[in-house]
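Notes to accompany the following structure.
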Amino acid sequence: MGKTGIVGGGIVGVALARALSARGDEVTVLEKESRLAQHQTGHNSGVVHAGLYYKPGSLKATLCAAGRVSIREFCEEKGLPYREVGKLVVAVDETELPALAEIERRSLENGVPDLARVDDPARMREIEPHVAGVAAVHSPHTAVVDYASITEAMAQDVRAAGGHIRLGHEVTAMAVENGRVRVVTPVSEDVFDRVIVCAGLQSDVVARLVGADPSPKILPFRGEYWELAPERTGLVKGMIYPVPDPRFPFLGVHFTRGVYDNVHVGPNAVPALARQGYTWLQWSAKDTIESLRWPGAWPLAKQHWRMGVDEISGSLIKPLYYRKARRFIPELRSSDLTHKSAAGVRAQAWGRAGELLDDFAVDQVGPVTLLRNAPSPAATSSLAIADYVIEHYLTAPRDLSAPRTTAPSPDSNVGAAAGATRGADVQRSTREDEVSERL
């Protein structure tokens, strides 16, 4: 019980507000935009992930499994669309078979329901009649939803429980004073018993307001979607995904039949020139300069420059994008990709050494809880993330005078959480039994 402020009106922030208000807390959500779910939540592919890719035992894997069930039940309760269209992850040639086997292993360990290995191309075409490849894994219960509508429905529950959602309230200052948190926006000033920051693309900016470490920093990546011509949507029954490159935290161009029956192709992954840069024409000198000056910029560029050139080229030159998509559906024509229908910007956290953080990450600065990295499958996991944060950060006794840091094993492929004290380097634990205790 208490007075809680939540910074950020995406699906994770609103899910936390819903869970807290349901137990009797006085909750206020502060969202800088004029509507909820305006950025990552409202610009993703709408997929409810089943847990194919994530390291077994990581919080991504654990919370995705729980979140998928919770999202399905929430949609059933509210009468919102939830369609299990299924996902086929396709190896187009033999070189991708080892990586496909790793996806299968992880999926089975993560308890992906009814997962099946498909080694017969004819059987693959029974699932997706126009697909090409040598083998695949099939997740029949991978679903699609409308995450913006889900967020609005959660917000209705918050209001019904007496909570407040304030739109157009951008947090400009925040300070811990005598164990409580003063939060200032251009139009309001409040004092909360605790604050949870779910600011997505602005998470590192808000974290600095309370003296948290600048690392991890947010590197915005834009993903662009092409729309399949309506008369050609029959080429895709559900979802057709590539075998992901394990060196990069993005899945690559794929096909998804959306909850309203459109089919989009994408996304790619190109550096955005602004935190809210949804096109090449939207850029911020401040955001770009900050990214280039970050210590991890050049190590990241050195490691991934070839992939960066490839992704940027595909963004600017349609035939290159088309070639990536046609690998999976040989019948696809360039004219079938009618227009770029949408784009989203992913708030990808990265560290001082240029490492891209893979798992969920959180900092604790006294009564302020900071979600520093919440990449996909955060939307799928949103209700489970809310329960986890409440149990591990808001319920357990803690010393409010000391910062709390969560961090991964350096060999675990789990993303690092930054030290909560300004200037501290990322701290890493080598204890494997701590993995399940991190967010």
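Positions are given from 1 along the sequence. Worth knowing before you read on, the calculation uses all heavy atoms, side chains too, and leaves out hydrogens, waters and symmetry mates.
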Side chain to side chain contact (heavy atoms under 4.5 Å, CB included) with [X]: which residues, sequence neighbours excluded?
| X | answer |
| --- | --- |
| A65 | none |
| D114 | P140, H141 |
| A342 | Y225 |
| A161 | S21 |

Contacts of [X] that satisfy side chain to side chain donor-acceptor pair (under 3.5 Å) - sequence neighbours left out:
| X | answer |
| --- | --- |
| E189 | R182 |
| Y82 | none |
| S139 | T142 |
| H39 | E33, Y278 |

- Query: Roughly how far apart are S381 OG and H49 NE2, rounded to 0.5 Å?
  - Reply: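 If we round to the nearest 0.5 Å, S381:OG and H49:NE2 are 9.0 Å apart.
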- L16 CG to S382 OG distance, which is reported to the nearest 0.5 Å: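 Atom-to-atom, L16:CG and S382:OG are 9.0 Å apart.
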- In sequence, state the C-alpha distance, the side-chain angles, and the governing distance for L316 and W280, and then conclude on side-chain contact (heavy atoms from CB on, under 4.5 Å). CA-CA 9 Å; L316 298 174; W280 284 113; 3.4 Å; yes
- Item | side chain to side chain donor-acceptor pair (under 3.5 Å) partner of R106, the single match among E102, E104, E109 |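 Output: one option passes, namely E102.
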- Task: Would you please classify the geometry between the Y321 ring and the W226 ring as parallel, tilted or perpendicular, with 30° and 60° separating the classes?
- Result: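 The arrangement is tilted - the two ring planes meet at 30° to 60°.
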- Using the six-membered ring wherever Trp is involved, compare the ring planes of Y241 and Y53 and label them parallel, tilted or perpendicular (cut-offs 30° and 60°).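 Parallel, since the angle between the ring planes stays under 30°.
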- Chi angles and distances behind the side-chain hydrogen bond (donor to acceptor under 3.5 Å, both in side chains) call for Y147, S45: CA-CA 9 Å; Y147 280 119; S45 61; over 6 Å; no
Quick test of your reading: applying salt bridge (Lys or Arg N to Asp or Glu O under 4.0 Å), list the pairs with at least one residue in [range], sequence neighbours left out, ordered by first then second residue.
| range | answer |
| --- | --- |
| residues 275-288 | D204-R275, R275-D287, R275-E290, K286-E290 |
| residues 37-46 | none |
| residues 297-310 | D310-K324 |

Which pair of heavy atoms, one from [X] and one from [Y], lies closest together, and at what distance?
| X | Y | value |
| --- | --- | --- |
| G277 | A272 | O-CB, 3.8 Å |
| A136 | L100 | N-CD2, 3.7 Å |
| A212 | D363 | CB-OD2, 4.3 Å |
| P242 | F328 | CB-CZ, 3.4 Å |
| N373 | L357 | ND2-O, 3.5 Å |
| V187 | G168 | CG2-O, 4.2 Å |

Enumerate donor-acceptor pairs with a distance under 3.5 Å from any side-chain N or O in residues 152-160 to protein atoms, sequence neighbours excluded.
{"residue": "D157", "atom": "OD1", "partner": "K78", "partner atom": "NZ", "Å": "2.7"}
{"residue": "D157", "atom": "OD2", "partner": "R18", "partner atom": "NE", "Å": "2.9"}
{"residue": "D157", "atom": "OD2", "partner": "K78", "partner atom": "NZ", "Å": "3.2"}

Looking only at atom types and distance, does a side-chain atom of [X] sit under 3.5 Å from a main-chain N or O of [Y], one as donor and one as acceptor?
| X | Y | answer |
| --- | --- | --- |
| D25 | V27 | no |
| W350 | A297 | no |
| Y393 | V362 | no |
| R166 | E31 | no |
| N44 | A379 | no |
| K87 | V137 | no |
| Q348 | L356 | no |
| E77 | G79 | no |
| S313 | V309 | yes |
| E355 | A353 | yes |

Please determine if [X] and [Y] form a salt bridge, counting it only when a charged side-chain N lies under 4.0 Å from a carboxylate O.
| X | Y | answer |
| --- | --- | --- |
| R180 | D193 | yes |
| D146 | R83 | no |
| D359 | K55 | no |
| R327 | E96 | yes |

With a 4.5 Å heavy-atom cut-off, do [X] and [Y] have their side chains touching?
| X | Y | result |
| --- | --- | --- |
| L370 | V368 | yes |
| Q282 | L273 | no |
| L383 | I11 | no |
| V181 | V191 | no |
| N262 | T233 | no |
| K318 | L337 | yes |
| I240 | H254 | no |
| F360 | P377 | yes |

We want to know whether [X] and [Y] form a side-chain donor-acceptor pair, criterion being a heavy-atom distance below 3.5 angstrom.
| X | Y | result |
| --- | --- | --- |
| E224 | S315 | yes |
| T338 | E227 | no |
| E311 | N268 | no |
| S291 | T288 | no |
| R372 | S203 | no |

- Decide side-chain contact (heavy atoms from CB on, under 4.5 Å) for S149 and T151; before the verdict, give the C-alpha distance in whole Å, the side-chain angles of both, and the deciding distance to 0.1 Å. CA-CA 5 Å; S149 295; T151 305; over 6 Å; no
- Message: Go through it in stages, so that I can follow the logic: the residues are L300 and W294, the test is side-chain contact (heavy atoms from CB on, under 4.5 Å), and I'd like the CA-CA distance, side-chain angles, deciding distance and then a yes or no.
- Response: CA-CA 10 Å; L300 179 69; W294 183 246; over 6 Å; no
- Query: Do T4 and I196 pass the side-chain contact (heavy atoms from CB on, under 4.5 Å) test, and can you show the C-alpha distance, the side-chain angles, and the key distance before you say yes or no?
  - Reply: CA-CA 8 Å; T4 302; I196 310 169; 4.2 Å; yes
